[in-house]
Amino acid sequence: MKRSETKPDKSLFVFEAYEDKEEAADTKRVKKPDSFWKGSFKRLMKNKGAMVSLVLLIIITVMSLLGPFMNDFHYVEQDVSRTHLPPLVHGLEWAGLDGTDAHGKDLYEQRNIQDQPSWLGTDEFGRDLWTRLWKGTQISLLIGVVAALLDLLIGVIYGSISGFYGGRLDDFMQRVLEILMGIPNLILIILLIIVLEPGISSIIIALAITGWVNMARIVRGQNLQLKGQEFIMASRSLGARNSRILWKHLIPNTLGPIIITVMFTIPTAIFFEAFLSFIGIGIQPPYASLGTLIEDGYQDMRYFSFKLIYPAILISVIMVSFNILGDGLRDALDPKMKK
C-alpha cells in the first residue's frame, strides 16, 4: 500500500523578508575557506618588505644569468691596456661614472680606447667588472642554492627517520647530531676544503656536510609533535605502512618550517663561500665569486674603491633580502597569524 502524502500547511511557517536585496544575496553566498597555502600566500602578499625582497632577489637572479652576456667582454678575459679603468656609463656622468680618475683625467682618451667602455670599470688585469660581478653573483647563488638543497635532502630524511621511529634509533641518531654540533662549522669546512682542494664542488660538499644538522633537528621536532595526532592514528588504523605515513602525511605537514629553514640556509651558505674566498681557500682565480671580488677590491680599496663597493653592496642586498623574505615566510606560514 502506498503511504498517503500530505502537503505541509504553509500557515504554520513564518517567512521573514530581508530588508534589502544585498542582504538576501549575502545569505545565498557561501564563502569557501581558503586553503592553508592560499591563505599563506595572501598573508605574504600583504608583507611589503617580503615582497620587495622577493622582487629584488628575482631581479638579481635574472641579472646574474643575463648580465655576463650584455657586453662583449668575458669574465676571465685579460687586457693589460685596460687595467684599472674607472667606471664609464654614458648619461650618468653626474654620478661620477664618467671614466675619469681622481685627478679628472679621462683615462679612455689617454689610452686611446675606442671599443666598448667598461660600465663598472676594470681590475688590475683589465678584466671587465660588470661581467665579473654578475658572473660572481651567479656562482655565489649557485653555491648557496645547491648547498641548501643538499641540506634539505639530508636533513629531512635524517630528521624524519629519527623523529618517526624514536626509541634507541632516535637516541643514537641524536648523539651523532650532538657530536657534529660540538665541532665548529668553520673549522670543519676549512679542513674539508683543504682535503678536497678549493673549488665550487668542494665548497658545496663542505657546506652540505655541516649544514644539514639544523634542518634535521627542526624536522625531527615537527615529526615528534605530529606522529601522535589523530590523522596519523586514523591512517594507521586503515593499514597504512610506515613509509606511506612518513612521506604522505608527516613530511608534507612540515613543509612550512622546512621552507623557512631553507630561506635562512641560502644566505648562510653564500656568506661562508664569500668568507672562504676572502681568506683565499674558496673560489680560485681567474674564476669569480662575490667573495673573490670583495677580496680583490679590499687589496686596492685605497686607490680603486669602486672595485670593493659594487660586490659589497650586492652581497649585502642579497643577504638582507633573503633574511627579510624568510621572516615574511615565517609569519605567513604560521597558522597563528591567520585572522
Side-chain angles (χ1 to χ4, degrees), residues 49-79 82 84-93 95-99 108 113-149 199-201 203-204 207 262-263 265-267 269-271 273-274 277 282-297 304 306-326:
M51 295 309 300
V52 171
S53 299
L54 179 60
V55 172
L56 286 175
L57 290 174
I58 292 174
I59 293 174
I60 291 173
T61 302
V62 172
M63 286 301 300
S64 69
L65 298 174
L66 301 181
F69 303 101
M70 295 178 66
N71 56 27
D72 298 331
F73 302 108
H74 191 269
Y75 74 100
V76 297
E77 180 183 355
Q78 299 184 16
D79 187 352
R82 300 175 62 89
H84 284 147
L85 286 176
L88 174 59
V89 180
H90 295 296
L92 293 179
E93 290 79 7
L97 305 179
D98 54 0
Y108 285 86
I113 298 175
Q114 304 296 332
D115 57 354
Q116 184 178 1
S118 296
W119 299 327
L120 299 183
T122 60
D123 62 7
E124 66 275 16
F125 298 105
R127 297 174 297 195
D128 183 69
L129 288 180
W130 169 275
T131 309
R132 288 182 62 79
L133 178 67
W134 294 117
K135 188 64 178 181
T137 304
Q138 180 186 130
I139 292 177
S140 294
L141 289 175
L142 174 66
I143 292 174
V145 171
V146 174
L149 292 178
I200 296 177
S201 58
I203 292 176
I204 292 175
L207 291 174
V262 169
M263 295 306 299
T265 302
I266 294 175
I270 293 175
F271 171 78
E273 180 279 322
S277 298
I283 302 298
Q284 298 299 303
Y287 301 103
S289 72
L290 291 177
T292 59
L293 293 175
I294 291 174
E295 195 275 333
D296 290 341
F304 307 101
F306 60 88
K307 293 174 58 178
L308 176 63
I309 292 174
Y310 305 134
I313 291 176
L314 193 54
I315 195 172
S316 300
V317 171
I318 292 173
M319 300 283 289
V320 172
S321 297
F322 268 114
N323 285 316
I324 294 177
L325 181 58

Engineer: Taking the side chain as C-beta and beyond, is there a heavy-atom pair between Asp123 and Arg132 under 4.5 Å?
Structural biologist: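 Yes; the side chains approach each other to less than 4.5 Å.
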
Engineer: Nearest 0.5 Å, what's the CG-NE2 distance between Asp128 and His74?
Structural biologist: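 So the gap between those two atoms works out to 11.5 Å.
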
Engineer: Just how far is it from atom CD1 of Ile143 to atom CD1 of Ile266, taken to the nearest 0.5 Å?
Structural biologist: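 One finds 13.0 Å between CD1 of Ile143 and CD1 of Ile266.
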
Engineer: Nearest 0.5 angstrom please: Ile324 CD1 to Phe322 CZ, how far?
Structural biologist: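 Reported to 0.5 Å precision, the distance equals 12.5 Å.
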
Engineer: Over 60° means perpendicular and under 30° means parallel, so classify the ring planes of Tyr310 and Phe306, tilted if in between.
Structural biologist: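 Phe306 vs Tyr310 ring planes: tilted.
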
Engineer: Do Val146 and Ile200 have side chains that approach each other closer than 4.5 Å (heavy atoms only, starting at C-beta)?
Structural biologist: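 In short, these two side chains do not touch, never coming nearer than 4.5 Å.
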
Engineer: Which atom names give the shortest non-hydrogen contact between Leu290 and Ser140, and what distance separates them?
Structural biologist: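 In this case the closest contact between Leu290 and Ser140 is N-OG, 3.2 Å.
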
Engineer: Please report the interatomic distance CG(Leu66) to OG1(Thr61), rounded to the nearest 0.5 Å.
Structural biologist: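 Rounded to the nearest 0.5 Å, the CG-OG1 separation comes to 11.0 Å.
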
Engineer: Looking at Ala147 and Ala269, what are the two nearest heavy atoms and their distance?
Structural biologist: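 Of all heavy-atom pairs spanning Ala147 and Ala269, the closest is CB-CB, 4.2 Å.
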
Engineer: To the nearest 0.5 Å, how far apart are NZ in Lys307 and OG1 in Thr122?
Structural biologist: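 Those atoms lie 8.5 Å apart.
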
Engineer: Identify the heavy atoms of Tyr75 and Arg127 that sit nearest to each other, and give their distance.
Structural biologist: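 So the minimum-distance heavy-atom pair works out to O-CD, 3.8 Å.
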
Engineer: State whether the side chain of Gln284 and the backbone N or O of Gly282 hold a donor-acceptor pair below 3.5 Å, judged by distance alone.
Structural biologist: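 Judged by distance alone, yes, a pair lies under 3.5 Å.
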
Engineer: Do Trp134 and Leu314 make a side-chain contact, defined as non-hydrogen atoms from C-beta onward lying under 4.5 Å apart?
Structural biologist: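 Sidechains of Leu314 and Trp134: in contact.
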
Engineer: What pair of heavy atoms forms the shortest contact from Ala274 to Ile315, and how long is it?
Structural biologist: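 Closest approach of Ala274 to Ile315: CB-CD1, 3.7 Å.
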
Engineer: Going by side chain to side chain contact (heavy atoms under 4.5 Å, CB included), Leu293 matches just one of Thr137, Leu133, Leu308, Ile283. Which one?
Structural biologist: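 Testing each of Thr137, Leu133, Leu308, Ile283 against Leu293, the sole residue satisfying side chain to side chain contact (heavy atoms under 4.5 Å, CB included) is Leu133.
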
Engineer: Is it the case that the side chain of Ser321 and the backbone of Val317 share a donor-acceptor pair, with hydrogens and angles ignored and the cut-off at 3.5 Å?
Structural biologist: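 Flag set: sc Ser321 to bb Val317 pair under 3.5 Å.
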
Engineer: Of all the heavy-atom pairs spanning Gly326 and Met263, show the shortest one and how long it is.
Structural biologist: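 Closest pair (atom of Gly326, atom of Met263, distance): CA-CB, 4.1 Å.
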
Engineer: Work out which heavy atom in Ile139 is nearest to a heavy atom in Ser289; give both atom names and the distance.
Structural biologist: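 That closest heavy-atom pairing would be CG2-CB, 4.4 Å.
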
Engineer: How about Leu141 and Ile270: do any of their side-chain heavy atoms sit closer than 4.5 Å?
Structural biologist: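 Yes. Closest side-chain heavy atoms under 4.5 Å.
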
